[in-house]
Amino acid sequence: MRQQRCATLLASLLQLVAVAVLPAAAAAAGGAAGRCTTSTPLKTYAKCIALPTQGATLAWTYDARNATLDAAFTGSFISPSGWVAWGINKDAPAMTGARVLAAFSDPSTGALLALPFLLSPDVKLQASPLVSRPLDIPLLASSASLVGPARTVRDGATVTIAATIRLSPNRTKLHFVWNRGLYVQGYSPTIHPTDASDLASHATVDILTTATEASPTASATLQWTHGSLNALSWGFLLPVGAAVARYLRPCASTGPAWFYAHAAIQATGYTLGAAGFALGLVMGSASPGVTYKLHRGLGIAAATAGSLQTLAMLFRPKTTNRYRKYWKSYHHLVGYGCVVVGVVNVFQGFEVMGLGASYWKLGYCMALATLVGGCVALEVNAWVVFCRRQQEEKLMRREVEDVVVKDRAAAF
């Protein structure tokens with residue numbers, strides 16, 4: 001009976017291993033570059049370029065005689081209550097310090113507005129709301145208008161933000177920034193999404209030659225490979241390996257098989273996880289300025305804990321060693337900690353990739369829920385068996401005590 005129960009537990013765990021979620025499709029979350037045109041509903045410009053993210057474009061005419069830039073940025077809304085912004089940073093291709101024009105619907109009238117904003121460091125840290133204020137650059141004119149059949153702001157509606165700016169003489173290499181968000185609170189745009197493409201929405205453009213220096217970003221294939229490896233390893237295989245050790249070890253009929261299964265699953269999970277972690281480092285070096293502090297911190301913590309677990313196997317004391325119990329406590333504590341951090345970071349990774357409401361996340365949640373449900377059932381079963389054995393041992397001790405008492409009474 002005990003052998004049959006252990007075999008059933010092993011079969012259940014093997015079925016759980018087969019429910020791994022491996023995203024295999026690659027798609028760019030931020031949208032591909034658009035196709036530019038020099039013609040707009042209002043006027044025709046001399047030059048244009050397709051900006052590298054969000055399908056945005058920029059057209060302009062530069063008058064070198066009076067250093068005047070007449071430009072039109074074209075982007076798209078991602079929400080009926082959202083905003084689209086474009087502007088210039090005098091110092092660097094970055095959000096902080098940029099002077100931008102944000103287009104959104106007037107909360108009172110519904111008309112399309114184009115308000116100026118200065119993106120100070122406090123705004124980036126969300127220490128203070130974004131408040132419209134006059135720009136400290138010579139902004140001669142500005143406007144915003146919807147393009148195409150759209151008459152109101154909606155998801156996918158195209159907007160053109162036009163501006164005429166007087167530049168410093170002989171300065172033709174400009175740092176442009178642009179982005180879009182989901183909500184506007186009153187007249188204050190809220191934070192934009194933090195996908196890799198959104199964080200890389202800036203470029204340096206020479207308005208005389210149209211030469212563009214875009215911020216490098218990791219390819220979509222690399223991102224999906226990184227996410228798939230980490231979801232499978234840190235988020236699934238390592239929890240399965242921990243469950244194998246937890247619930248198969250008490251089964252005497254399995255012998256040392258539980259240990260080999262546990263070691264094989266954990267070794268595979270750690271190897272894939274290390275590869276995913278290495279890809280994360282490559283992506284970070286390939287995308288300067290694009291940082292995810294929480295995701296990176298959790299990844300480092302999980303990789304450190306996994307490495308400590310691997311190294312600890314080299315120093316495992318024998319079962320007769322008096323320090324064995326301390327090693328086991330360390331092994332369990334670091335191991336379960338690694339599992340928890342890894343799973344949490346997988347969910348954080350879904351948010352980073354913009355898959356917070358995707359079928360990939362749903363599939364992973366279903367696989368994880370199946371594993372957790374199986375562990376709960378096995379844990380309940382283990383406690384039932386434990387209590388039953390305790391009760392049986394208690395009854396056996398009573399019977400033995402009764403026999404001893406009767407033998408002593410018979411002897412007297």
Side-chain angles (χ1 to χ4, degrees), residues 17 20-30 124-125 191 193-200 215-243 265-313 330-358 360-365 367-368 371-372:
V17 175
V21 179
L22 249 178
K124 183 176 181 179
L125 297 174
I191 187 172
T194 56
D195 298 341
S197 61
D198 296 304
L199 296 178
S215 300
T217 57
S219 68
T221 302
L222 194 61
Q223 294 176 26
W224 279 88
T225 304
H226 166 77
S228 301
L229 287 175
N230 288 332
L232 177 61
S233 57
W234 305 108
F236 195 79
L237 285 180
L238 294 184
V240 168
I265 295 173
Q266 299 303 76
T268 303
Y270 177 73
T271 302
L272 295 178
F277 180 73
L279 286 180
L281 296 179
V282 172
M283 291 166 57
S285 62
S287 306
V290 180
T291 57
Y292 304 97
K293 293 183 179 180
L294 179 58
H295 185 57
R296 180 178 59 184
L298 291 174
I300 293 174
T304 301
S307 300
L308 289 174
Q309 284 289 80
T310 303
L311 292 174
M313 296 303 298
Y330 160 85
H331 186 64
H332 292 164
L333 178 64
V334 176
Y336 287 128
C338 180
V339 167
V340 171
V341 172
V343 171
V344 171
N345 205 27
V346 168
F347 283 103
Q348 182 66 21
F350 279 118
E351 300 301 323
V352 167
M353 294 185 66
L355 301 175
S358 66
W360 298 116
K361 183 177 180 180
L362 177 62
Y364 174 73
C365 289
L368 189 63
L371 175 61
V372 172

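Just so we're clear, the structure is a prediction, and the values are computed from it rather than from any experiment.
By the side chain to side chain contact (heavy atoms under 4.5 Å, CB included) test, T271 is found to be paired with no residue, residues two or more places apart in sequence or in another chain being considered. With sequence neighbours excluded, no residue satisfies side chain to side chain contact (heavy atoms under 4.5 Å, CB included) with L333.
Between the OH atom in Y336 and the NE2 atom in H331 there is a gap of 9.0 Å [rounded to 0.5 Å]. Interatomic distance, CG of L294 versus CD of Q348, reported as 4.0 Å (0.5 Å rounding). Between the CZ atom in F277 and the OG atom in S307 there is a gap of 8.0 Å [rounded to 0.5 Å]. Between the CG atom of L232 and the CG atom of L237 there is a distance of 4.5 Å, given to the nearest 0.5 Å.
Remark: side-chain polar atoms of N230 are paired, donor with acceptor, to backbone N or O of H226 under 3.5 angstrom.
A242 and V339 get closest at one heavy-atom pair: CB-CG2, 4.4 Å. In this structure, G306 and C338 approach most closely via the heavy-atom pair N-SG, 3.8 Å. For the residue pair F347 and L368, the shortest heavy atom distance occurs at CE1-CD2, 3.9 Å. Shortest non-hydrogen contact noted between Q309 and Y330 is OE1-CE2, 4.2 Å. The two atoms that bring N345 and G299 nearest to each other are ND2-N, 3.1 Å, heavy atoms only. Nearest approach of G235 to V343, heavy atoms of both residues: O-CG2, 4.0 Å.
Within the 4.5 Å cutoff, the side chain of W234 has no heavy atoms near those of the L229 side chain.
The six-membered or imidazole ring of F236 lies away from that of Y364, with a centre-to-centre distance of 6.0 Å or more.
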